[in-house]
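Below is one structure, written out as structure tokens, with a few remarks after it.
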Amino acid sequence: MRTEDTAAIIRAYHDAWTNKDFARATALLGAALAVEVPVNDYPTAESFAAALESFGSMVSNVELLAAMSDGNQAMLLYDLEAGPVGRLRVAEHFTVEGGKITRIRQIHDTAAVRAAGLAG
């Protein structure tokens, strides 16, 4: 997969969920999506999509700080504001195969998420 294709898919996903178009964001997720996040567990693409919509609905602002891609991998770094969580810096690493996101690895400070009662 070309780096440009990966970058376009990841940006489309990011733009979709940050604009609360969760159906469009979900359409970019592969059926066998693997998710690694610091809190909670999402064993299926459907469970992750539900969490994305739930959390994404609380997000009032997102500032993309950096985007990088190479081959079928990409990374985004952004700050977001989300209701009870407040300001949160997030780094995401993506793998794209066949035009779909097949892996998401996310890193963020969990203290605010736990304090808001959003960690399972």
Side-chain angles (χ1 to χ4, degrees):
M1 174 168 279
R2 295 179 323 148
T3 297
E4 297 81 17
D5 297 336
T6 298
I9 290 165
I10 296 310
R11 287 302 298 269
Y13 166 79
H14 181 79
D15 291 346
W17 83 258
T18 59
N19 286 296
K20 304 193 184 323
D21 187 348
F22 302 111
R24 188 171 64 128
T26 299
L28 293 167
L29 302 176
L33 177 69
V35 178
E36 298 173 32
V37 292
V39 295
N40 301 322
D41 184 37
Y42 306 106
T44 65
E46 293 79 15
S47 64
F48 180 75
L52 179 66
E53 184 168 353
S54 177
F55 184 77
S57 295
M58 291 187 277
V59 174
S60 59
N61 186 51
V62 178
E63 179 185 356
L64 184 61
L65 303 172
M68 296 173 258
S69 60
D70 184 31
N72 72 333
Q73 297 186 56
M75 294 187 75
L76 298 178
L77 177 67
Y78 56 90
D79 288 339
L80 62 80
E81 293 282 339
V85 174
R87 189 167 185 84
L88 189 65
R89 177 156 291 163
V90 179
E92 285 184 300
H93 174 262
F94 300 89
T95 303
V96 175
E97 296 172 358
K100 299 282 187 176
I101 298 167
T102 58
R103 179 182 298 273
I104 299 174
R105 294 177 175 134
Q106 190 181 85
I107 299 170
H108 59 77
D109 184 358
T110 64
V113 175
R114 292 179 190 284
L118 299 174

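In what follows, every heavy atom counts, from backbone to side chain, and hydrogens, waters and symmetry copies are set aside.
- Not a single salt bridge (charged side-chain N to carboxylate O under 4.0 Å, His left out) links Asp41 to another residue, sequence neighbours left out.
- A pairwise comparison of heavy atoms in Arg89 and His108 identifies O-CB, 3.4 Å as the closest pair.
- Nearest heavy-atom pair, Gln73 versus Thr95, reported as atom, atom and distance to 0.1 Å: CG-OG1, 4.3 Å.
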Determine whether Glu63 and Arg87 satisfy the following criterion, salt bridge (charged side-chain N to carboxylate O under 4.0 Å, His left out), listing intermediate values before the conclusion. CA-CA 11 Å; Glu63 179 185 356; Arg87 189 167 185 84; 3.7 Å; yes
Donor-acceptor list for residues 45-60 side chains, cut-off 3.5 Å, not counting sequence neighbours:
from  : atom 1 : to    : atom 2 : distance (Å)
Ser47 : OG     : Thr44 : N      : 3.2
Ser47 : OG     : Thr44 : O      : 2.8
Ser47 : OG     : Thr44 : OG1    : 3.2
Ser57 : OG     : Glu53 : O      : 2.6

Output, in order, the C-alpha distance, side-chain angles, deciding distance and verdict of side-chain contact (heavy atoms from CB on, under 4.5 Å) for Leu76 and Phe94. CA-CA 8 Å; Leu76 298 178; Phe94 300 89; 3.9 Å; yes
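- The two residues Leu64 and His14 have their closest heavy-atom pair at CD1-NE2, 4.2 Å.
- In terms of heavy atoms, Leu28 sits closest to Tyr13 at CD1-N, 3.4 Å.
- In terms of heavy-atom proximity, Thr6 sits nearest to Gly71 at OG1-O, 2.7 Å.
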Ile101/Ile10 under side-chain contact (heavy atoms from CB on, under 4.5 Å): CA gap, chis, key distance, verdict: CA-CA 8 Å; Ile101 298 167; Ile10 296 310; 3.9 Å; yes
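- The shortest side-chain heavy-atom distance between Ile104 and His93 does not fall under the 4.5 Å cut-off.
- Using a 4.5 Å cut-off between side-chain heavy atoms of Ile, Leu, Val, Met, Phe, Trp and Tyr, with links allowed through other members, Val35 and Met75 fall into different hydrophobic clusters.
- The salt bridge (charged side-chain N to carboxylate O under 4.0 Å, His left out) check on Arg105 picks up Glu36, with sequence neighbours excluded.
- In this structure, the side chain of Lys100 engages the main chain of Ala27 through a donor-acceptor pair within 3.5 Å.
- Side-chain contact between Val90 and Leu77: absent, with no pair of heavy atoms (C-beta onward) separated by less than 4.5 Å.
- Taking the side chain as every heavy atom from C-beta outward, Asp79 and Leu65 approach each other to under 4.5 Å.
- The backbone N or O of Trp17 sits nowhere less than 3.5 Å from a side-chain atom of Asp21 that would complete a donor-acceptor pair.
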